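One structure below.
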Protein chains: 2
Amino acid sequence: MRITTRDPNNVKTSLTAAKYSHSLTFMPSLNDVAELSGYSIATVSRVINGSDKVTASTRESVEKAMKSLGYLPSRVARRLRQKGGLRHLLGVILPNIQNPFNAEIARGIEDIAYANRFAVILCNSDDKYEKEKFYLDVMRAESVDGVILPPNQESAAAVLEVIETGMPVVLVDRAIRGVQVDTVEVDNVIGAKAATDHLIQLGHTRIAMIAGPDSISNSRQRKRGFEKAFKNANLPIDPELVRTGDYTQDTGRKLAADLLDLPSRPTAIFASNNFMALGALAAIHKRNLRIPEDVALIGFDDLPWAETLDPPLSVIRQPAYEVGQTAAQLLLDRLSNPELPISKLRLSPELILRKSC
Amino acid sequence: MRITTRDPNNVKTSLTAAKYSHSLTFMPSLNDVAELSGYSIATVSRVINGSDKVTASTRESVEKAMKSLGYLPSRVARRLRQKGGLRHLLGVILPNIQNPFNAEIARGIEDIAYANRFAVILCNSDDKYEKEKFYLDVMRAESVDGVILPPNQESAAAVLEVIETGMPVVLVDRAIRGVQVDTVEVDNVIGAKAATDHLIQLGHTRIAMIAGPDSISNSRQRKRGFEKAFKNANLPIDPELVRTGDYTQDTGRKLAADLLDLPSRPTAIFASNNFMALGALAAIHKRNLRIPEDVALIGFDDLPWAETLDPPLSVIRQPAYEVGQTAAQLLLDRLSNPELPISKLRLSPELILRKSC
DNA sequence: TTGAAAGCGCTAACAA
DNA sequence: TTGTTAGCGCTTTCAA
């Protein structure tokens, strides 16, 4: 059933439309306030910036003038002039805000930003170099206070360049090796090892991994954790059972399908991120296989609705919100004190057992 | 099981740290390029802006100078100066990016923005007036080209004020009555009616609705659609079965629980948004009720993983990505031609039947 | 085709 | 305590 009400004719003309054409956005300036209040722009500026070198009565009349004009200081002009000070603007570049993991990070960042009266320019890169480069240039051109992003192999050089210019950068979720820059990661090796350990303890030996791209540091780390668990248990890895996807639901589904159609199929699957786990789940369902009896499944990244999936999905939970908060706080700390030593933080993941393994 | 590796001591000092303290972000300016190339800043500016009044040879040497300096024009200075032109910056204020519905809208907006070389300041308001107001001020102070947001009852006045200043605004998902401003909505009445109709056709008469807050236009519209379906079918609404939540998973769970614990419980539940549907799902599961045999469930808003829920959730799907795209395109059109008539668009929702009803 | 100079809205140094 | 002024990086007349 499809209901169609989209109505291209439902377009009305109005008086308001005419207004737009004449009114360039009206913004009173310092000058306007100065004129109205009878003081100089310097004094008005002092009032705005809460200088204590203004008489109470002066402050009062200036503030009255500001209010009556609806004056709002231009962040643009301020940013242009004030070279040393804070611009109260952060740049954040994430692969895709539609991934709940990224949304959580973004939210963590923004909550800290808001608490400190910072606004955030948020961009989606899809891990595409072209977009990353464009947005990195935007950040410089907007002269934001600093940038938070998860680098990948391809973008690393561009990120390094930005760091060279002196722009504070905080890496989240992914790292660049051998570079001294503030970084907030999750311990992916330990997380992946914990997931695999659990599968092994359950008696599985034919365990498949749907891994992420090698160009992403956390993906390599998760692979390492997987291998570590096997080595620890003195178990051999069947290379046929390790597949590399691209962190999308689609490859998760396809690779799980391939795995499931193997002559001797795995009894357990570890999916290296949330989307691929969801894809694997769909593929298993499609084959009417029981979870965990026929195939056990565990994913990396929690989902707010993992509890309500069929079956409730066991996962390695990343503290994504905290990652975002920590990164933002690190950046703000760096801004207020550039001499701070570099921090490389690694937050802990958590094994959450539900019903899928 | 909890693995803890957070290591506050894993903090290293380095040469890079020292660098920060001295290097104020280095940004070559027009002046630097002018000096290096031997031309005036005016000429350099012309080269940047692709003026045709420059000799090929001049352009060439200026471009060489720009490249060798890694020059990037400051969007800030440009914005300050150029009163008429485009700033290539959009403001977007959404309630919460962690809601996949909002994430989809945001993505739709950004894809159009990126295609036109615009960057986006994205903010979460939590539908809190204080945050909305702060971010609205930020948009003005940053002199963005325009703002996209879903208004609510409380913020409407502030939004109107912004519109008064001449700043282009596009409303998404929610409308303000009696105001001529570009708006992209979804037909909530028809959507909610379709959901309720379907439940009625299935033979249900005790149908509960978990509605959203009355302060949000789409919530009121969905209630209207629900009532319309009842009236159409000549069925009475049991007021006890209509509960008002706040669009969060938590109230969805609580209100569903109340409903389910009623002496004569409803046989079907219509949840007015995605989060409340998820909450209701959890509440039903907790009581070990079968879906749809004991209680049928339908939600508003699709979820990328609705298929994999237990059971796969039937929903009214909103074309959220298209809503975002359309809004952004509307805004860009308005920027390039302010005389354009006001558009009030209403996109179509879609009934997607899966297994929950 | 190029350059000189004014000025966008603001901060900050200096003077009064 | 207040005002004058220079200048942030750029665009845009106006002259040359």
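A note on names: the letters A, B, ... follow the listed sequences, proteins ahead of strands, and every chain is numbered from 1. Note that the coordinates shown come from a computational prediction; the quantities given were computed from them, not determined experimentally.
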Length of the line joining [X]:[atom1] and [N]:[atom2], which is rounded to integer Å:
X: B/R59; N: C/dT2; atom1: CZ; atom2: C1'; value: 13 Å
X: A/L86; N: C/dT11; atom1: CG; atom2: P; value: 14 Å
X: A/E142; N: D/dC10; atom1: CD; atom2: P; value: 13 Å

Open item on the list: By the 4.0 Å heavy-atom rule, please label B/S45 as base, sugar-phosphate, or nothing.
Closed with: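 If one applies the 4.0 Å heavy-atom cut-off, B/S45 turns out to touch a base.
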TODO: Using a heavy-atom cut-off of under 4.0 Å over every strand shown, decide if B/I48 touches base, sugar-phosphate, or nothing.
DONE: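 Since no nucleic acid heavy atom lies under 4.0 Å of B/I48, the category is nothing.
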Distance check: side-chain N/O of [X] vs OP1/OP2 of [N], anything under 4.0 Å?
X: A/T43; N: D/dG3; value: yes
X: B/S40; N: C/dA4; value: no
X: B/Y39; N: C/dA4; value: no

Open item on the list: On the side chain of B/R81, is there an atom forming a donor-acceptor pair with the base of D/dG9 - under 3.5 Å, no angle test?
Closed with: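 For B/R81, whose side chain was compared with the base of D/dG9, there is no donor-acceptor pair (under 3.5 Å).
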Task: Exam field: side chain A/T326 to backbone A/E322, donor-acceptor pair closer than 3.5 Å - done: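 Checked: pair present.
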Reported [atom1]-to-[atom2] distance for the pair [X] and [Y], which is rounded to 0.5 angstrom:
X: A/H88; Y: A/L332; atom1: NE2; atom2: CG; result: 9.5 Å
X: B/I41; Y: B/R46; atom1: CD1; atom2: CZ; result: 10.0 Å
X: B/I176; Y: B/L171; atom1: CD1; atom2: CG; result: 5.0 Å

TODO: Heavy atoms only: give me the nearest A/V76-B/L80 pair and the separation to one decimal.
DONE: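 Distance-wise, the nearest heavy atoms are CG1-N, 3.9 Å.
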Task: Residues touching DNA chain D, which here means a heavy atom under 4.0 Å, drawn from residues 73-80 of chain A - done: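 Heavy-atom contacts with DNA chain D come from A/L80.
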Task: ring-ring contact (aromatic ring centres under 6.0 Å, His included) involving B/F134 - partner list, sequence neighbours excluded - done: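 With sequence neighbours excluded, B/F134 shows a ring-ring contact (aromatic ring centres under 6.0 Å, His included) to A/Y114, given in chain and number order.
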- [ ] Take A/A42 and A/D52, find for each the nucleotide of DNA chain D with the closest heavy atom, and name the residue whose nucleotide sits nearer the 5' end.
- [x]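 Going by which nucleotide is closer to the 5' end, it is A/D52.
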Task: First of A/Q82 and B/I41 reached from the 5' end of DNA chain C, by closest nucleotide - done: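 The answer here is B/I41.
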Task: B/S57 vs A/R46, nearer the 5' end of DNA chain C by closest nucleotide - done: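 Here B/S57 is the residue nearer the 5' end.
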Open item on the list: The side chain of A/S29 is closest to which nucleotide in this list: D/dC10, C/dC10, D/dT1?
Closed with: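 Of the options given, the side chain of A/S29 lies nearest C/dC10.
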Open item on the list: Please list all pairs meeting ring pair (Phe, Tyr, Trp, His ring centres under 6.0 Å) that have one or both residues in residues 35-68 of chain B, counting only residues at least two apart or in different chains.
Closed with: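 Listed by first then second residue: nothing to list.
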